Amino acid sequence: MLEQLKKEVYEANMQLPQYGLVTFTWGNVSGIDRKAGLFVIKPSGVAYERLTPEDMVVVDLKGNRVEGKYNPSSDTATHVVLYNRFSDIGGIVHTHSTWATSWAQAGRDIPCYGTTHADYIYGGVPCVRNLTKEEIDAGYEYHTGLVICDEFARLDRDYTSVPAVLCKNHGPFTWGKDAFDAVHNGVVLEEVAKMAARCEMLNPQVKPAPQELQDKHYFRKHGENATYGQSIIL
């Protein structure tokens with residue numbers, strides 16, 4: 001079942017250690033088949049060097065395991081909520097990458113200080129609130145997803161132009177059009193988190209980049225008037 005998607009999700013998961021986004025088993029990638037109403041996710045607690053494409057777990061959009069010998073990731077319920085609420089995404093990544101997680105533990109949004117950030121993320125990366133004790137007790141991973149989606153709605157942020165979030169005292173989630181795109185955004189998030197932290201070390205009074213500069217860099221890569229790249233595949 002979904003053998004090609006399993007292969008893609010496996011390969012995307014293998015990119016996490018390749019890009020230095022995970023230590024031990026601290027992360028997961030999923031990818032969804034919208035037509036089938038199913039997604040594939042890394043199994044819980046299995047070392048990356050032991051994984052195979054056949055080990056990937058198929059889950060439905062209610063969080064039920066449909067196929068797989070292992071239990072799915074402990075973050076599966078968060079993925080379920082994000083896929084149900086963010087209908088245009090095709091892949092999700094969760095890691096505890098060092099720099100992004102440092103911002104999450106500090107409980108801070110990542111401001112857009114420069115064009116590297118602006119090329120990929122429109123505006124700051126939000127850090128959502130802690131869950132209450134009642135939310136944790138009633139379903140920690142499920143309510144993590146709800147808090148993320150509710151915060152984007154409250155802030156009126158477009159999840160396609162801000163494909164990343166920080167969960168306070170926890171870590172980052174990123175998403176994209178497929179599993180590989182979600183990993184790509186995870187790598188970008190880690191880099192801009194590192195740059196922003198170093199920026200503040202060098203200049204504690206730094207301000208976000210001018211809005212017109214942010215607009216120029218984001219919209220030359222995104223939207224119907226984008227000019228970045230080639231019109232033909234080389």
Side-chain angles (χ1 to χ4, degrees), residues 1-19 21-48 50-97 100-101 104 128 139-149 152 159-160 162-167 170-190:
M1 178 184 290
L2 302 179
E3 298 307 314
Q4 181 59 34
L5 184 59
K6 286 180 186 175
K7 180 175 182 293
E8 292 172 5
V9 170
Y10 164 78
E11 291 173 352
N13 271 284
M14 291 300 99
Q15 290 183 342
L16 297 186
Q18 175 187 336
Y19 287 114
L21 296 183
V22 297
T23 303
F24 301 126
T25 61
W26 305 352
N28 48 75
V29 182
S30 70
I32 191 168
D33 183 327
R34 290 283 180 185
K35 192 170 292 186
L38 301 170
F39 67 93
V40 173
I41 193 167
K42 176 186 175 291
S44 178
V46 180
Y48 285 89
R50 288 180 48 204
L51 287 175
T52 68
E54 293 72 28
D55 293 331
M56 300 299 106
V57 186
V58 180
V59 180
D60 68 21
L61 287 171
K62 293 183 179 179
N64 300 306
R65 180 173 58 180
V66 174
E67 183 182 80
K69 62 183 178 181
Y70 292 115
N71 293 326
S73 166
S74 58
D75 296 297
T76 294
T78 307
H79 291 240
V80 168
V81 175
L82 293 176
Y83 281 130
N84 278 298
R85 292 277 295 272
F86 291 172
S87 59
D88 291 328
I89 65 174
I92 298 169
V93 169
H94 172 55
T95 74
H96 292 257
S97 59
T101 300
V128 303
Y140 172 65
E141 294 83 5
Y142 171 75
H143 282 96
T144 296
L146 287 185
V147 166
I148 292 170
C149 296
F152 270 71
Y159 64 84
T160 61
V162 186
V165 71
L166 306 176
C167 294
H170 184 186
F173 283 83
T174 59
W175 45 82
K177 66 179 183 293
D178 55 30
F180 296 112
D181 192 41
V183 173
H184 183 270
N185 288 330
V187 175
V188 169
L189 175 63
E190 181 66 1

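Along the sequence shown, residues carry numbers from 1. Please read all numbers here as calculations on a predicted model, not as lab measurements.
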> Does the gap between the ring centers of Trp175 and Phe152 come in under 6.0 Å?
Replying inline: yes
> Could you give all pairs that pass the salt bridge (Lys or Arg N to Asp or Glu O under 4.0 Å) test and reach residues 66-89, with sequence neighbours left out?
Replying inline: Lys6-Glu67, Asp55-Lys69, Arg85-Asp150
>> Give me the atom names and distance for the closest heavy-atom approach of Asp60 to Val66.
In response: N-CG2, 3.8 Å
>> If you apply the rule side chain to side chain contact (heavy atoms under 4.5 Å, CB included), what do you find for Asn13 with Tyr10, and how did you get there?
In response: CA-CA 5 Å; Asn13 271 284; Tyr10 164 78; 5.8 Å; no
> Is any side-chain heavy atom of Leu51 less than 4.5 Å from a side-chain heavy atom of Met56?
Replying inline: yes
> With a 4.5 Å heavy-atom cut-off, do Gln18 and Val183 have their side chains touching?
Replying inline: no
> Thr76 versus Arg65: any side-chain heavy-atom pair under 4.5 Å?
Replying inline: no
> So, Asn28 and Ser73: side-chain donor and acceptor under 3.5 Å apart, yes or no?
Replying inline: yes
> Using the ring of each side chain (for Trp, its six-membered ring), is His96 parallel, tilted or perpendicular to Trp26, with breaks at 30° and 60°?
Replying inline: perpendicular
>> Measuring from atom NZ of Lys7 to atom OG1 of Thr52, what distance do you get when rounded to the nearest 0.5 angstrom?
In response: 13.0 Å
> Are the side chains of Leu82 and Cys149 in touch, meaning some heavy atoms are under 4.5 Å apart?
Replying inline: yes
> Hey, mind stepping through Val57 and Asn71 against side chain to side chain contact (heavy atoms under 4.5 Å, CB included) and telling me if it holds?
Replying inline: CA-CA 7 Å; Val57 186; Asn71 293 326; over 6 Å; no
> Going from NZ on Lys177 to NE2 on His184, what distance comes out if it is rounded to the nearest 0.5 angstrom?
Replying inline: 8.5 Å
> Which heavy atom in Ala179 sits nearest to a heavy atom in Ala12, and how many Å separate them?
Replying inline: CB-CB, 3.7 Å
> Given side chains that start at C-beta, do those of Leu38 and Leu2 come closer than 4.5 Å, heavy atoms only?
Replying inline: yes
>> So, taking the atom named OG1 in Thr25 and the one named CG in Leu16, what distance separates them when rounded to the nearest 0.5 Å?
In response: 11.5 Å
> Should Cys167 and Ile148 be marked as a side chain to side chain contact (heavy atoms under 4.5 Å, CB included) after you check the CA-CA gap, both sets of side-chain angles, and the distance that decides it?
Replying inline: CA-CA 8 Å; Cys167 294; Ile148 292 170; 3.8 Å; yes
>> Given Phe173, which partner from the list Val93, Thr78, Asn185 fulfils the side chain to side chain contact (heavy atoms under 4.5 Å, CB included) test?
In response: Thr78
>> Within the 3.5 Å criterion, strictly below it, is a donor on Tyr19 or Ser97 matched to an acceptor on the partner's side chain?
In response: no
>> Can you tell me how far apart CD1 (Ile92) and CG (Asp178) are? Round to the nearest 0.5 Å.
In response: 12.5 Å
>> With rounding to the nearest 0.5 angstrom, report the NE2 to OG1 distance, His79 to Thr144.
In response: 10.5 Å
>> I'd like to know if the side chain of His94 reaches the main chain of Pro172, judged simply by a donor and an acceptor atom lying under 3.5 Å from each other, with no hydrogens or angles considered.
In response: yes
> Do Val187 and Leu21 have side chains that get closer than 4.5 Å, going by heavy atoms?
Replying inline: yes
>> Would you call the rings of Tyr140 and His170 parallel, tilted or perpendicular, taking 30° and 60° as the class edges?
In response: tilted
>> Is it true that Glu11 and Gln15 share a donor-acceptor pair across their side chains at a distance under 3.5 Å?
In response: no
> Taking it one step at a time, do Val29 and Ile41 satisfy side chain to side chain contact (heavy atoms under 4.5 Å, CB included)?
Replying inline: CA-CA 6 Å; Val29 182; Ile41 193 167; over 6 Å; no
> Any side-chain heavy atom of Val59 within less than 4.5 Å of one from Asn64?
Replying inline: no
>> Quick check against the 3.5 Å criterion: does Glu190 have a side-chain atom that pairs as donor or acceptor with the backbone of Ala100?
In response: yes
> Do side-chain atoms of His143 reach the backbone of Gly139 as a donor and acceptor pair under 3.5 angstrom?
Replying inline: yes
> Are there more than 12 heavy atoms of other residues, nucleotides or ligands under 6.0 Å from atom OH of Tyr48?
Replying inline: yes
>> Ring of Tyr70, cation from Lys42 - is the NZ or CZ under 6.0 Å from the centre and inside 45° of the axis?
In response: no
> So which heavy atom on Ile89 is nearest to which on Ile32, and how close?
Replying inline: O-CG2, 3.8 Å
>> Please check: side-chain N/O of Thr174 versus main-chain N/O of Pro163, any donor-acceptor pairing under 3.5 Å?
In response: no
>> Does any part of the side chain of Phe24, heavy atoms only, come nearer than 4.5 Å to the side chain of Val22, both counted from C-beta?
In response: no
